[in-house]
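All chains are named by letter (A, B, ...) in the order of the sequence lines, taking the proteins before the strands, and each is independently numbered beginning at 1.
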Amino acid sequence: MVTEILSSALSDALSAVGVDPPAEIQLERPANREHGDWSSNVALATAKMAGKNPRELGTALVDYLDANRPEYVSGISVAGPGFVNFTLDDSWLHQVLVDVAEQGADNFARLDTGGGQAINVEFVSANPNKPLHAGHARGACYGDSVARLLDRVGYQVTREFYLNDRGVQMQLFAESLAARKRGEEPPEGGYQGAYIIDWAAEMPDDADPLEWGYARALASHRETLSRVGIEFDVWFSERSMVASGVIDEALAELAEKNMSFVEDGATWLRSTEYGDDKDRVLVKSDGELTYLAPDVAYHRDKFSRAPKLINIWGADHHGYMVRMKAAMQALGHDPDGLEILITQLVDLERDGEAIRMAGRAGDFVSFDEIIDMVGPDVTRLMYLMQSVDTRQTIDLAAVSKKAADNPVFYVQYANARIHSTIKNAEEKGHTRKPLAEVDLSVLTHDRELDLLRAISTLPETVDHAARERSPHTIAAWSRELAAAFHGFYHDCYVVGDGVSDELTQGRLWLLEATLTALAVCFDLLGVSAPESM
RNA sequence: GCCUCCGUAGCUCAGUUGGAUAGAGCAGGGAACUUCUAAUUCCAAGGUCGCAGGUUCGAUUCCUGCCGGAGGCGCCA
């Protein structure tokens, strides 16, 4: 990697001018291309400690590096307050193409920052008594892409869905189903949604409404998620913890560690010990568990299976972060081992008009309806285009239009164009030769170099996206790559008048590398790579 | 009152451990198809990065305080 060559050269240069090199030398890509291909701020960062003027230190480094040119470097200069700027020969980009071609989609931009550590990503975890709705969709698409990113950077990822399959809400669900089956209205506080009527009609007469309904809801969840390419490794049942006794174990452990106490007939978690503003009830005075007790037992169980847990919660649950972390600390776990990621709400609109998500009970837009409307790829991409830290507004009418103002098609269109170009080349007798027989130095057009430059940034982009848990970075990057490709496509014919065989070969390999980079993005985002549109 | 997130171009949003002249898409203005998909490309225009301090060689980025918006604060789940 060229960055390794440059940082090692800078390190040598620092030593040569009598400055201790820092442990890590920062290299960045200047925003302005006139500042070169790579830039380092080491002179600014170390000058103070070394008691030198940053600009003079930078100049000394440049003098040394000029006399000891690192590979690929064609120019070195000091700029501004003391930046050291490197200009590279185009051959470094040709080498990028070779690397990408050799690594392929499986290995290009695959990192090992995770080092094989097990990580558990729990998301969606919707109650198994209603179909998934639009509000679950953001967390579902986000969680799955975060899992894909973590997998790509070397973690051993488990995708997990927690099932709240016991308690009052399941009882009410069963009673609502049974009532609809008899042609009656659901009971007070029951489920009013139209789906209850549909499901009741499907339910056999002799079925146990709770068990049948539970299975029905679970099947619905699996099917919906599967439509957008989301599969879970573990479906963890809350009920199973009652049967196995782990809830009692967790409660006993808290009591033993004096992290719980009994007052007013209820059992309380001492969450204030770890920053909560009040203690929280685990067992109510009537002996029933609150939601918290099974949740604590559940996270305790997850920690026994993986050292690192990620939970993806909707914004309406952020208030529970503190108490859950408190409970894990009370049990002796590292609070940083549990990472809770919050997704902000999504507003749906149609032609600028708001679609109410929480009107009367059961009145909602289902996840399935969205997939029906815009298809699985657009569904995933529209949720992943934007940071989950911001409240998102999605206009279903605008997003379902297959028109120029829909950014979702832009990237897939690049993929389709590449395939059609390759097909056209083959029809005209140009098949790609082995890379070793192709002279990549013919790739000198600005569009070609820009495209390669874009491709070269994918590994660092994946690294950043994985660290920040931000798949939207990948979505944004894929758009930039597509833009670089469309520019190339516009100005550079792969086959045609005035294009030599050598140039056709080089460009065919450039297309291949672009496809590889796109494939990595599509995989991380969980969308398909269409060969024609 | 406390907690979380947000405030960047007319609109929707990016902005990588703090870095040089803050970027894209859309909308609006002007161009480009005898050859691989015009779902494209190119040019111009568009900014008090909510406000005020602080830290720093350097702040959209970090810290504090305000202002504005959204959501959450149960012996409900």
Anything under 3.5 Å between a protein N or O and an N or O of nucleotides 60-62 of chain B, put it in a table, one pair a line.
none

Report task. For A:N32, report the nucleic acid contact type (base, sugar-phosphate, nothing); a contact means any heavy atom under 4.0 Å. Result -> base
Report task. For B:rA59 and B:rC26, measure between their C1' atoms and round to the nearest Å. Result -> 30 Å
Taking N or O atoms only and anything under 3.5 Å, show me the protein contacts with nucleotides 41-47 of chain B, one pair per line.
unit_1: B:rU41; atom_1: OP1; unit_2: A:Y410; atom_2: OH; d: 2.2
unit_1: B:rU41; atom_1: O3'; unit_2: A:R447; atom_2: NH2; d: 3.2
unit_1: B:rU41; atom_1: O2'; unit_2: A:H490; atom_2: ND1; d: 3.4
unit_1: B:rC42; atom_1: OP1; unit_2: A:R447; atom_2: NH1; d: 3.1
unit_1: B:rC42; atom_1: OP1; unit_2: A:R447; atom_2: NH2; d: 3.3

Query - A:N85 side-chain proximity, nearest of B:rA39, B:rC5, B:rA20 - result: B:rA20
Query - Selection from B:rA38, B:rG19, B:rA14 that lies nearest to any side-chain heavy atom of A:N41 - result: B:rG19
Query raised in the report: Which is true for A:A79 with a 4.0 Å heavy-atom rule: it touches a base, it touches only sugar-phosphate, or it touches nothing?
Result: base
Requested in this report: Using only heavy-atom distances, decide whether a donor-acceptor pair under 3.5 angstrom links the side-chain of A:D497 to the base of B:rU35.
Outcome: no
Query raised in the report: If you measure from the P atom in B:rG28 to the same atom in B:rU64, how many Å do you get, rounded?
Result: 44 Å
Query raised in the report: So, A:E4 versus A:S7: side-chain donor-acceptor pair below 3.5 Å or not?
Result: no
Query - Ionic contact status for A:D279 with A:R270, cut-off 4.0 Å - result: no
**Report entry** Watson-Crick or G-U counterpart of B:rC49, or none if no pair lies under 3.5 Å
**Finding:** none
Requested in this report: Mind checking A:L292 for me? I need base, sugar-phosphate or nothing, with any heavy atom below 4.0 Å counting as a touch.
Outcome: nothing
Query raised in the report: Can you find a side chain N or O atom of A:Q169 that sits less than 4.0 Å from OP1 or OP2 on B:rA77?
Result: no
**Report entry** A:H318 aromatic ring stacked with six-membered ring of B:rG72, 5.5 Å and 30°
**Finding:** no
Report summary line: Picking from B:rU37, B:rU17, B:rG15, the nucleotide nearest the side-chain atoms of A:Q26 would be B:rU17
Requested in this report: Remember a base hit wins even if backbone is also touched, and classify A:V168 as base, sugar-phosphate or nothing at under 4.0 Å, heavy atoms.
Outcome: nothing
**Report entry** Opposite nucleotide pairing with B:rC13, Watson-Crick or G-U, both atom distances under 3.5 Å
**Finding:** B:rG23
Query raised in the report: How far, in whole Å, is B:rC62 from B:rU55 if one measures between their C1' atoms?
Result: 8 Å
Requested in this report: Look at all strands and tell whether A:T461 reaches a base, only sugar-phosphate, or nothing, counting heavy atoms closer than 4.0 Å.
Outcome: nothing
Requested in this report: Using both distances under 3.5 Å as the test, list the Watson-Crick or G-U wobble partner of B:rA38, or none.
Outcome: none
Requested in this report: With A:R479 as the cation and A:Y410 as the aromatic partner, state whether NZ or CZ is under 6.0 Å from the six-membered ring centre and within 45° of the axis.
Outcome: yes
Query raised in the report: Counting only side-chain N and O atoms of A:R29, is one of them less than 4.0 Å from OP1 or OP2 of B:rU16?
Result: no
Report task. Take atom P in B:rC63 and the same atom in B:rU16, then report the distance between them in whole Å. Result -> 14 Å
Report task. Decide whether A:H486 and A:R417 meet the rule of one side-chain donor and one side-chain acceptor closer than 3.5 Å. Result -> yes
Show each protein N/O and nucleotides 56-59 of chain B N/O combination with a separation under 3.5 Å, one pair to a line.
unit_1: B:rC57; atom_1: OP1; unit_2: A:K48; atom_2: NZ; d: 2.8

Report summary line: Whole-Å distance, A:W313 CH2 to B:rG72 P, equals 16 Å
Query raised in the report: Touch check for A:E34, heavy atoms < 4.0 angstrom, all strands: base, sugar-phosphate only, or nothing?
Result: base
**Report entry** P gap between B:rC51 and B:rC11, integer Å
**Finding:** 15 Å
Query raised in the report: Counting only side-chain N and O atoms of A:H419, is one of them less than 4.0 Å from OP1 or OP2 of B:rU37?
Result: no
Query raised in the report: Looking just at side-chain N and O atoms, do A:N129 and A:Y214 make a donor-acceptor pair shorter than 3.5 Å?
Result: no
Query - Under 4.0 angstrom between A:K284 side-chain N/O and B:rC76 OP1 or OP2 - result: yes
Requested in this report: Would you check if A:Y493 stacks with the base of B:rU35, given a 5.5 Å centroid limit and a 30° plane limit, both strict?
Outcome: yes
Query raised in the report: In terms of the nearest nucleotide of RNA chain B, which residue is placed more toward the 5' end: A:Y413 or A:N164?
Result: A:Y413
Report task. Report yes if at least one side-chain N or O of A:T390 is closer than 4.0 Å to OP1 or OP2 of B:rA14; otherwise report no. Result -> yes
Requested in this report: Could you check whether A:M321 gets within reach of a base, just the sugar-phosphate, or nothing at all, counting any heavy atom under 4.0 Å?
Outcome: nothing
Query - Interatomic distance at P, B:rG23 relative to B:rG29, whole Å - result: 25 Å
Requested in this report: Examine the side chains of A:R138 and A:Q392 and answer whether a donor and an acceptor come within less than 3.5 Å of each other.
Outcome: yes
Query raised in the report: Do A:F86 and A:W38 pass the ring pair (Phe, Tyr, Trp, His ring centres under 6.0 Å) test, and can you show the C-alpha distance, the side-chain angles, and the key distance before you say yes or no?
Result: CA-CA 5 Å; A:F86 296 93; A:W38 287 94; 9.3 Å; no
Query raised in the report: Mapping A:T473 and A:N424 onto RNA chain B by nearest heavy atom, which one lands closer to the 5' end?
Result: A:T473
**Report entry** Pairwise P distance, B:rG18 and B:rU56 [rounded to whole Å]
**Finding:** 16 Å
Query - Paired nucleotide for B:rU4 [Watson-Crick or G-U wobble; both distances under 3.5 Å] - result: B:rA70
Query raised in the report: With sugar-phosphate meaning primed atoms plus P, OP1 and OP2, does A:D276 contact a base, only sugar-phosphate, or nothing at under 4.0 Å between heavy atoms?
Result: nothing
Query - Pairwise C1' distance, B:rG25 and B:rC42 [rounded to whole Å] - result: 16 Å
Query raised in the report: Out of A:V124, A:D295, A:N311, which residue meets the side chain to side chain contact (heavy atoms under 4.5 Å, CB included) rule with A:Y162?
Result: A:D295
Report summary line: Looking only at B:rU37, B:rA20, B:rC5, the nucleotide nearest the A:S39 side chain is B:rA20
Report task. Would you mind classifying the nucleic acid contact of A:S285 as base, sugar-phosphate or nothing, using non-hydrogen atoms under 4.0 angstrom? Result -> base
Query raised in the report: Which part of the nucleic acid, if any, lies within contact of A:G167, taking any heavy atom under 4.0 Å across all strands shown: a base, the sugar-phosphate backbone alone, or nothing?
Result: nothing
Report task. Using a heavy-atom cut-off of under 4.0 Å over every strand shown, decide if A:S470 touches base, sugar-phosphate, or nothing. Result -> nothing
